[in-house]
Amino acid sequence: MKFKIKNICCIGAGYVGGPSMAVIAKNCPDLEVNVVDINEERINKWNEKNLDKLPIYEPGLKEIIDQCRGVNLHFSSDVKRHIANADMIFISVNTPTKTKGLGAGQASDLKWVDSSAREISKYAKGQTIVVEKSTLPVKTAQTIKTILEESIIDSKHDSQNNLKFYVLSNPEFLAEGTAINDLENPDRVLIGGEDNQSIEALVDIYKNWIPEKKIITTNLWSSELSKLIANAFLAQRISSINSISALCESTGADISEVKLAIGSDKRIGDKFLNSGPGFGGSCFKKDISNLIYISNHYGLKEVSDYWQKVIEINEWQTKRITKLIVEKLFNTISFKKISVLGFSFKANTNDTRESPAIKICNDLLEESCKISIYDPKVHPKQIEDCLNLKQSKIFSKNICGEWTFSNSVIEASQNADAIVITTEWDEFRYIDWEKVHKDMRKPAWLFDTRSIVDVDLVNKAGINFWSIGRG
Ligand code: UDX
Ligand code: ADP
């Protein structure tokens, strides 16, 4: 039997669900695509008339929303109705690392996946393909299948009684900040499943804009595991180069020269070799933690120890930045003002999950300094939530460890003793350092954790300068 997919529902209107469905809707005008979320506020933002107020910032996204929303792409909080109407349902909900209970700090919290599967089992009708898109531990498809299959036994809501579920794994490889391009021109699409018909139904959707040779089909478990491993390998490269950045600083080598020299070897390649303040984002740490957890589960201690080191180097890299700032500022930053430029975990996104800036700011606040934070896309309320500290409207004389939000680089840097660049936003590459320096307290310092500024310009402006990986 060949599936005829006409109606798609995506549960979860987040950083993955939103852009992925927008690109499917754009490339498959004959498909009806409904993105649902229990968070009504989020859905309202996706339906905002003013496209600058969409809940996530992603270059190229608002143009697609403008083109497809209300045509064949809809955002709704009516989860029940859209599940019932769908031939294919994507699960794209959050799966953060558990903070308590069994596997805390390593295993993924699957409560949102579990409840999505239960909602599907409650409302779906007829032959339904369920696609797991969220990053999940290996064998989660099995959990989803069990929940769905159990529901068929006592199904009452499907009057025609032909309820049947097919589960596929279709992990997302988009990187935030380049999501639309990654979705339009992916290196590959991965689909794992157990039967050819349901796999083919999903392949047919992607074939609308992706060459068939880029579509890899595997069994369920290979697909789930490959997602974790792809992220683990990328993160491992970053920890490798970050460990070498410290060695460069001690020996007098320059990390950008080392990067060029080793990255020119085709076997190594030049991608993911930018040394920085440590990797952030919702995926890398979570996926490696999952890998560690399942390796331990299967008694593979050496494997889990190996990947644990990738996380440890990452944490060490972030920590050593604050240490260095304190040392350079005469071993105390108490009551000094530090300007932090960038708060998102990377440029071109407003996502702050696991952002190194959070850890750096927390470490700086611990040292009792005053921080002014500027980020072109992150809202001050989001920063308050991340730091778990309300912003001060103005700095007071006797409170230590407080922060304010600034609306520009210039505002953030007034009277600052130091500037720390934490995110590689393009506008930080073109700062007028002479102008900034005039308003800073002297001796003024710049710490460039992303190696993006022009050293000569900073030197010319007379600012003391430290950049990652430079001896
Ligand atoms: C990642 C994967 O790239 C993507 O395929 C997967 O689907 C989700 O996880 P994302 O987390 O959005 O995507 O961003 P990515 O570009 O991979 O960056 C992750 C972190 O690594 C960021 O904090 C970034 O600043 C850092 N990074 C990246 C470096 O420090 N150096 C590099 O060379 C590249
Ligand atoms: P990701 O980066 O994986 O897309 P997000 O946290 O940005 O993660 O988005 C996940 C979305 O899934 C959130 O908006 C959340 O409200 C939604 N969600 C979680 N559980 C459910 C559920 N059972 N039904 C509908 N939406 C859900």
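Both counts, for ligands and for their atoms, begin at 1 and track the order of listing. Numbering starts at 1 and runs along the sequence shown.
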Please determine whether the number of non-hydrogen atoms from other residues, nucleotides or ligands lying under 6.0 Å from atom CD of E40 exceeds 12.
no
What residue and atom, counting heavy atoms only, is the protein's closest point to atom 16 (O) of ligand 2, and at what distance?
D37 OD1, 2.6 Å
Per the side-chain contact (heavy atoms from CB on, under 4.5 Å) rule, which among D448, I358, V340, I321 passes with T422?
V340
G276 near ligand 1 by a heavy-atom separation under 4.0 Å
no
To check your reading of the model: name the closest protein heavy atom to atom 2 (C) of ligand 1, its residue, and the distance in Å.
N231 OD1, 3.4 Å
Any atoms of ligand 1 less than 4.0 Å from a non-hydrogen atom of F173? List them with their elements.
4 (C), 5 (O), 7 (O)
Counting heavy atoms only, which of E119, K133, R42 is nearest atom 5 (P) of ligand 2?
R42
Side chain, backbone, both or neither: which part of T349 comes within less than 4.0 Å of ligand 1 when only heavy atoms are counted?
neither
Identify whether the distance between the nearest side-chain nitrogen and carboxylate oxygen of K359 and E315 falls below 4.0 Å.
no
Less than 4.0 Å is my threshold; does some heavy atom of S115 fall inside it relative to ligand 2?
yes
Polar contact flag, side-chain donor to acceptor under 3.5 angstrom, Y15-N350:
yes
List every atom of ligand 1 that sits less than 4.0 Å from any heavy atom of C283, numbering the atoms from 1 in the order shown and giving each element.
8 (C), 9 (O)
Just verifying a value: how many Å separate W316 CH2 and K323 NZ, rounded to the nearest 0.5 Å?
9.5 Å
C28 versus N72, closest heavy-atom pair with distance
O-ND2, 3.3 Å
Any chance CG of D187 has more than 12 other-residue heavy atoms, nucleotides or ligands included, within less than 6.0 Å?
no
For atom 26 (C) of ligand 1, grab the closest protein heavy atom and report residue, atom and distance to one decimal in Å.
I238 CD1, 3.8 Å
Closest protein heavy atom (residue, atom, distance) for atom 20 (N) of ligand 2
W112 CD1, 3.2 Å
For N94, which part has a heavy atom under 4.0 Å from ligand 2: side chain, backbone, both, or neither?
both
Are K309 and Y306 in a cation-pi contact, defined as NZ or CZ under 6.0 Å from the six-membered ring centre and within 45° of the axis?
no
Thinking salt bridges, do E132 and K227 make one under a 4.0 Å N-O criterion?
no
Residue and atom name of the nearest protein heavy atom (relative to atom 23 (O) of ligand 1), distance in Å to one decimal:
G280 N, 2.8 Å
Report, in ascending order of atom number, the atoms of ligand 2 lying under 4.0 Å from any heavy atom of I11.
22 (C), 24 (N), 25 (C), 26 (N)
Can R450 be said to touch ligand 1, with heavy atoms closer than 4.0 Å?
yes
So F447 and W466, would you call those rings parallel, tilted or perpendicular, with 30° and 60° as cut-offs?
tilted
If you count every heavy atom of other residues, nucleotides or ligands that lies below 6.0 Å from N388 atom CG, does the total exceed 12?
no
Given D254 and R470, is the salt bridge (charged side-chain N to carboxylate O under 4.0 Å, His left out) satisfied, shown in steps?
CA-CA 5 Å; D254 184 322; R470 226 170 246 154; 3.5 Å; yes
The atoms of ligand 1 lying under 4.0 Å from a heavy atom of L234, numbered in the order shown, are 3 (O)
Just need the protein heavy atom nearest to atom 4 (O) of ligand 2, so name the residue and atom and give the distance.
V16 N, 2.9 Å
The closest protein heavy-atom partner of atom 18 (O) of ligand 1 is K346 CD, 4.0 Å
Give the residue and atom name of whichever protein heavy atom lies nearest to atom 1 (C) of ligand 1, and the separation in Å to one decimal.
F284 CE2, 3.4 Å
Atom NZ of K98 with >12 non-hydrogen neighbours under 6.0 angstrom
yes
Could you tell me which atoms of ligand 2, counted from 1 in the order shown, lie closer than 4.0 angstrom to a heavy atom of N39?
16 (O)
List the closest protein heavy-atom neighbour of atom 12 (O) of ligand 1: residue, atom name, distance to the nearest 0.1 Å.
E176 N, 2.7 Å
At less than 4.0 angstrom from any non-hydrogen atom of G14, what atoms of ligand 2 do you find?
4 (O), 5 (P), 7 (O), 9 (O)
Is any N or O atom of R353, backbone or side chain, closer than 3.5 Å to an N or O atom of ligand 2?
yes
With the threshold set at 4.0 Å, does a side-chain nitrogen-carboxylate oxygen contact exist between D114 and K111?
no
Which protein heavy atom lies closest to atom 33 (O) of ligand 1, and at what distance to 0.1 Å?
N274 N, 2.9 Å
Give me each pair satisfying ring pair (Phe, Tyr, Trp, His ring centres under 6.0 Å) with a member in residues 31-82, each pair once, sequence neighbours excluded.
W46-F75
Looking only at side chains, do S226 and R188 share a donor and an acceptor under 3.5 Å apart?
no
Give me the nearest non-hydrogen protein atom to atom 27 (C) of ligand 2 as residue plus atom name, then the distance to 0.1 Å.
I38 CG1, 3.5 Å
Could you list the atoms of ligand 1 found under 4.0 angstrom from a heavy atom of K227?
6 (C), 7 (O)
Just wondering, are more than 12 heavy atoms of other shown residues or ligands nearer than 6.0 Å to CD in E384?
yes
For atom 11 (O) of ligand 1, what is the nearest protein heavy atom, given as residue, atom name and distance?
F345 CE1, 3.5 Å
Would you say ligand 2 has an N or O under 3.5 Å from any N or O of V79?
no
Measure the distance from atom 18 (N) of ligand 2 to every protein heavy atom, then report the residue, atom name and distance (to 0.1 Å) of the closest one.
V93 CG1, 3.7 Å
Taking only non-hydrogen atoms of E172 and a 4.0 Å limit, the atoms of ligand 1 in range are 7 (O)
